Amino acid sequence: MSPCALARFLGISILLSLFNTTSATESPTTTARPKTLLTLVWHDTQGIVNKNKLVLSQLDALPQIKRTQQLPSPLGIPGRHEWQGVSLHELLKLSGGTAKSIRVMALNGYFASIPLSDVQQFDPLLAYRRDGQNLTIRDKGPFILVYPFDDFNELNQQLYINRSVWQIHEIHFE
């Protein structure tokens, strides 16, 4: 590399590093709004629609469950993993606990109705971490409904696999 090209390279590198430093020092002054990860929807006793938009810090503040298990192969996530998240039972409490069923909605419009008997008997987990890492949309996140397939043989059927919705963004308590 010629001395002139080297000087140009160093000059550009210094300018870029100054730009990055300036950007980094300016960004804390602009407050970023927390991104809503999950919306809970329910009707109160007056029939009024209520929505609770939760961000990651609010979900982390709820009682957490960790469950190590392997999901059925049709769900497309091979191997045993540690899943972490919030029990559907805990989320039901946030809506007043008067629902008769729960509808989980995926980003692509797919949904499944979860009967309250599933919540009482199996306590499905609304997982948003796998092996300690937040789930991304690419990893079937931001949420996936995880039934305790390893603990109950009767869950290993298509009915419960279909209820194991991934890329959940909204839950309706009906």
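The first residue in the sequence is number 1, and the count goes up from there. In this text the structure is predicted, and so the values were computed from the model without any measurement.
- Leu159 and Tyr147 fall within the same hydrophobic cluster, defined by Ile, Leu, Val, Met, Phe, Trp and Tyr side-chain heavy atoms under 4.5 Å apart, directly or through other members.
- Of the possible donor and acceptor atoms, one in the side chain of Arg80 sits under 3.5 Å from a partner among the backbone N and O of Thr68.
- A donor-acceptor distance shorter than 3.5 angstrom exists from the side chain of Gln58 to the backbone of Val55, with no hydrogens or angles considered.
- Applying the ring-ring contact (aromatic ring centres under 6.0 Å, His included) test to Phe122 and every residue at least two apart in sequence or in another chain returns Phe152, Tyr160.
- Qualifying salt bridge (charged side-chain N to carboxylate O under 4.0 Å, His left out) partners for Glu82, counting only residues two or more places apart in sequence or in other chains: none.
- Remark: Asp44 pairs with no residue by the salt bridge (charged side-chain N to carboxylate O under 4.0 Å, His left out) rule, at least two apart or across chains.
- Of the N and O atoms on the side chains of Asp60 and Ser57, not one donor lies less than 3.5 Å from an acceptor on the other residue.
- Under the 4.5 Å side-chain heavy-atom criterion for grouping Ile, Leu, Val, Met, Phe, Trp and Tyr, Met105 is not connected to Trp166 through any hydrophobic cluster.
- In the hydrophobic clustering of this structure, Leu92 groups with Leu40; members are Ile, Leu, Val, Met, Phe, Trp, Tyr whose side-chain heavy atoms approach within less than 4.5 Å, directly or through other members.
- Hydrophobic clustering of Ile, Leu, Val, Met, Phe, Trp and Tyr side chains at less than 4.5 Å, counting indirect connections, unites Leu38 with Leu62.
- The side-chain hydrogen bond (donor to acceptor under 3.5 Å, both in side chains) test applied to Gln46 returns no partner, not counting sequence neighbours.
- In this structure, Arg138 has no salt bridge (charged side-chain N to carboxylate O under 4.0 Å, His left out) partners at least two apart in sequence or on a different chain.
- Side-chain N or O atoms of Gln70 include none that pairs as donor or acceptor with a backbone N or O of Ile77 at under 3.5 Å.
- Taking every heavy atom of both residues into account, Asp150 and Gln69 meet most closely at OD2-CB, 3.0 Å.
- Residues satisfying the side-chain contact (heavy atoms from CB on, under 4.5 Å) criterion with Pro115, sequence neighbours excluded, are Ser117, Asp118, Arg163.
- Remark: the backbone N or O of Ile48 is paired with a side-chain donor or acceptor of Asn50 at under 3.5 angstrom.
- Checked by atom type and distance alone, the side chain of Trp42 pairs as donor or acceptor with a backbone atom of Ser95 at under 3.5 Å.
- The shortest distance between side-chain heavy atoms of Phe143 and Val104 does not fall below 4.5 Å.
- By the side-chain contact (heavy atoms from CB on, under 4.5 Å) test, Asp151 pairs with Pro148, sequence neighbours left out.
- Rounded to the nearest 0.5 Å, atoms NE2 (His89) and CG (Leu126) are 15.0 Å apart.
- The shortest side-chain heavy-atom distance between Leu71 and Trp83 falls under the 4.5 Å cut-off.
- Not a single side-chain hydrogen bond (donor to acceptor under 3.5 Å, both in side chains) links Asn156 to another residue, sequence neighbours left out.
- Remark: Asn153 CG is loosely packed, at most 12 non-hydrogen atoms of other residues, nucleotides or ligands lying under 6.0 Å away.
- Residues that satisfy the side-chain contact (heavy atoms from CB on, under 4.5 Å) test with Ile137, not counting sequence neighbours, are Leu107, Pro142, Gln167.
- Phe111 and Ile168 fall into different hydrophobic clusters, where Ile, Leu, Val, Met, Phe, Trp and Tyr side chains are chained together by heavy-atom contacts under 4.5 Å.
- Annotation: side-chain hydrogen bond (donor to acceptor under 3.5 Å, both in side chains) contacts of Lys53 (sequence neighbours excluded): none.
- Taking Arg67 as the reference, nothing meets the salt bridge (charged side-chain N to carboxylate O under 4.0 Å, His left out) condition, with sequence neighbours excluded.
- Every residue meeting the side-chain contact (heavy atoms from CB on, under 4.5 Å) condition with Glu90, not counting sequence neighbours, appears here in chain and number order: Pro63, Val86, Ser87, Lys93.
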Review point. Given Arg103 and Glu174, is the salt bridge (charged side-chain N to carboxylate O under 4.0 Å, His left out) satisfied, shown in steps?
Key: CA-CA 7 Å; Arg103 187 167 27 117; Glu174 303 170 322; 2.4 Å; yes
